[in-house]
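The structure displayed is predicted, hence computed values, not measured ones.
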Amino acid sequence: MTSARPDGPRAGGAGRALVTAVLVVVVLAATAVAAALAAARVLSPGVRRGIELVALTPAGLPAAVVAVVGALLLVWRRPALGRPLLVLALGLAALHAWWLAPLFVGDVPAADPAGARLVVMTQNLETGDAGAVASLVEQQSVDVLVVTDAPGGQVQGVVAAGIGDALPHSTLDDGSGTSSGTSSGSVVWSRHPIRSDTLVSDGGDSRVVVLDVPGPDDVAVVALHPTPPYQDGGARWRADWTQVLDHLRETYGDTVTGRVVVVGDLNATLDHEPVRALSDMGLRDVAEQLNAGLAATWPANGRLSRMGVAVPPLFALDHVLTTRGLVPTDHLVTGAAGSDHRGVVTTLAPAPR
């Protein structure tokens with residue numbers, strides 16, 4: 001007796017059909033991811049999950065690249081099916097590349113070589129080693145420190161570590177020139193005298209601090225920490241950002257000029273509409289100006305884990321943005337041990353006159 005053998009041509013045809021089906025599924029899935037992220041960025045949903053989805057926008061480019069590669073293979077196997085998918089995938093890849101490219105390529109602005117430098121640092125200190133922050137200030141010769149999301153105990157820890165020796169002026173001053181260390185939220189310490197301190201949002205203690213810095217103009221430090229979107233479903237996040245943007249427009253108009261720097265844990269990436277609004281007003285992210293890439297700051301120090309594996313920093317939530325009057329010359333992502341955010345240290349110089 002002889003056993004029946006599979007029909008060779010039929011078996012081969014079934015195999016090719018399976019490969020084609022898998023390619024179609026991969027291309028459609030990758031295209032859907034890239035399209036969903038593009039739609040979220042454009043539509044800027046104001047609810048928690050939508051806000052969080054926008055933070056994933058950079059993942060749209062690798063998803064679109066996967067779709068392009070799969071579509072090319074489909075064009076080879078099934079041209080009529082693959083060509084429209086390829087066109088769609090290429091369009092999405094181009095769109096995501098357009099959004100992401102400024103972080104990696106572009107002209108780096110020139111600074112005044114003779115101008116005085118101003119070193120600015122921001123650190124979210126809801127958790128972490130308060131003493132390490134003071135040490136970083138000394139190591140990096142920081143002139144302005146913005147601490148955000150800091151409970152009163154953490155603020156007291158920074159004060160106890162001797163921050164006042166390097167940065168004697170702060171928004172904690174009670175009028176006597178000494179820091180009480182009893183406030184919480186967003187706190188600014190400065191090597192230079194503080195001319196004014198204005199709260200600009202109901203949540204997060206976002207504030208505008210004007211510093212008496214050597215040079216033709218004062219420097220305005222906009223210390224931001226909008227309420228995280230996971231609180232109140234994103235409503236307070238939207239309200240805080242509205243107040244901040246309204247204050248800047250009322251103060252400066254549609255374009256922010258002079259020497260202004262936005263610093264802090266923005267609870268937003270460059271893809272979120274409020275940060276894009278800052279860019280439209282003339283405030284550009286330092287990482288973008290220096291082609292420093294994504295410069296992710298959250299989560300950090302193993303504070304977030306999934307299935308027992310620590311999640312590395314994936315999102316840039318902590319930022320320094322400047323007007324044309326202040327030019328970044330250096331950008332460092334660092335941070336205090338134990339904090340769930342990495343910190344950012346940026347050196348600024350005047351723009352050439």
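Minimum interatomic distance between Ala161 and Gly131 (heavy atoms only, all atoms of both residues): CB-CA, 3.8 Å. Across every non-hydrogen atom of Ala287 and Gly293, the tightest pair is CB-O, 4.0 Å. Nearest heavy-atom pair, Val75 versus Pro79, reported as atom, atom and distance to 0.1 Å: O-CG, 3.2 Å.
Within the structure, every pair that satisfies the side chain to side chain donor-acceptor pair (under 3.5 Å) test and touches residues 270-283, not counting sequence neighbours, is listed here: Arg41-Asp271, Thr269-His272. Pairs of residues two or more places apart, or lying in two chains, that qualify as ring pair (Phe, Tyr, Trp, His ring centres under 6.0 Å) and include a residue from residues 79-100 are His96-Trp99. Applying the side chain to side chain donor-acceptor pair (under 3.5 Å) test to every pair with at least one member in residues 65-81, sequence neighbours left out, gives these pairs: Thr20-Arg77. For residues 45-66, the pairs satisfying side chain to side chain donor-acceptor pair (under 3.5 Å) are Arg48-Glu52, Arg49-Glu52, with sequence neighbours left out.
With sequence neighbours left out, the side-chain contact (heavy atoms from CB on, under 4.5 Å) criterion links Leu88 to Thr31, Leu92. Residues satisfying the side-chain contact (heavy atoms from CB on, under 4.5 Å) test with Gln231, not counting sequence neighbours, are Thr227, Pro228, Arg236. The side-chain contact (heavy atoms from CB on, under 4.5 Å) search around Leu245 returns Trp241, Arg249, Pro274, Ala277, Leu278, Met281, not counting sequence neighbours. Every side-chain hydrogen bond (donor to acceptor under 3.5 Å, both in side chains) that Arg284 has, sequence neighbours left out, goes to Glu288. With sequence neighbours excluded, no residue forms a side-chain hydrogen bond (donor to acceptor under 3.5 Å, both in side chains) with Gln140. Residues that satisfy the side-chain contact (heavy atoms from CB on, under 4.5 Å) test with Asp212, not counting sequence neighbours, are Pro193, Arg195, Asp218.
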Worksheet item: Should Leu56 and Phe315 be marked as a side chain to side chain contact (heavy atoms under 4.5 Å, CB included) after you check the CA-CA gap, both sets of side-chain angles, and the distance that decides it?
Response: CA-CA 8 Å; Leu56 293 169; Phe315 307 101; 3.6 Å; yes

Worksheet item: side chain to side chain contact (heavy atoms under 4.5 Å, CB included) between Leu224 and Val146: does it pass, once the steps are laid out?
Response: CA-CA 9 Å; Leu224 294 189; Val146 175; over 6 Å; no

Practice prompt. Walk me through it: do Val213 and Val144 pass the test side chain to side chain contact (heavy atoms under 4.5 Å, CB included)?
Written response: CA-CA 11 Å; Val213 174; Val144 181; over 6 Å; no

Discussion item. Side chain to side chain contact (heavy atoms under 4.5 Å, CB included), that's the test. Do Trp298 and Asn267 meet it? Break it down for me.
Written reply: CA-CA 10 Å; Trp298 185 89; Asn267 276 314; over 6 Å; no

List, one per line, each side-chain donor-acceptor pair under 3.5 Å for residues 111-120, sequence neighbours excluded.
| from | atom 1 | to | atom 2 | distance (Å) |
| --- | --- | --- | --- | --- |
| Asp112 | OD1 | Ala114 | N | 3.0 |
| Arg117 | NH1 | Asp112 | O | 2.8 |
| Arg117 | NH1 | Gly115 | O | 2.8 |

Extract all donor-acceptor atom pairs below 3.5 Å that involve side chains of residues 339-346 and protein atoms in other chains or at least two apart in sequence.
| from | atom 1 | to | atom 2 | distance (Å) |
| --- | --- | --- | --- | --- |
| Ser339 | OG | Gln123 | NE2 | 3.2 |
| Ser339 | OG | Asn124 | O | 2.8 |
| Ser339 | OG | His341 | N | 3.1 |
| Ser339 | OG | His341 | O | 3.1 |
| His341 | ND1 | Asp318 | OD1 | 2.8 |
| His341 | ND1 | Asp318 | OD2 | 3.4 |
| Thr346 | OG1 | His331 | ND1 | 3.4 |

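Each of Val260, Val261, Leu326 was compared with Leu283 under the side chain to side chain contact (heavy atoms under 4.5 Å, CB included) criterion, and only Val260 meets it.
You'll find the side chain of Leu266 reaches within 4.5 Å of the side chain of Leu321, heavy atoms only. Side chains of Leu136 and Val142 form no contact here, defined as non-hydrogen atoms less than 4.5 Å apart.
Under the 3.5 Å distance criterion, the side-chain polar atoms of Glu138 are left unmatched by any main-chain donor or acceptor of Ala166. Checking side-chain atoms of Asp129 against main-chain N and O of Ala132 turns up a donor-acceptor pair under 3.5 Å. A donor-acceptor contact shorter than 3.5 Å is absent between the side chain of His225 and the backbone of Ala150. Judged by distance alone, with hydrogens and angles left aside, the side-chain atoms of Arg207 form a donor-acceptor pair with the main-chain N or O of Ser186 at under 3.5 Å. Looking only at distances, no side-chain donor or acceptor of Gln154 sits under 3.5 Å from a matching main-chain atom of Ala130. Between the side chain of Trp237 and the backbone N or O of Ile51 there is no donor-acceptor pair closer than 3.5 Å. Without hydrogens or angle criteria, Thr323 side chain to Gly258 main chain gives a donor-acceptor distance under 3.5 Å.
Note: Thr329 OG1 to Leu348 CG = 7.0 Å, rounded to the nearest 0.5 Å.
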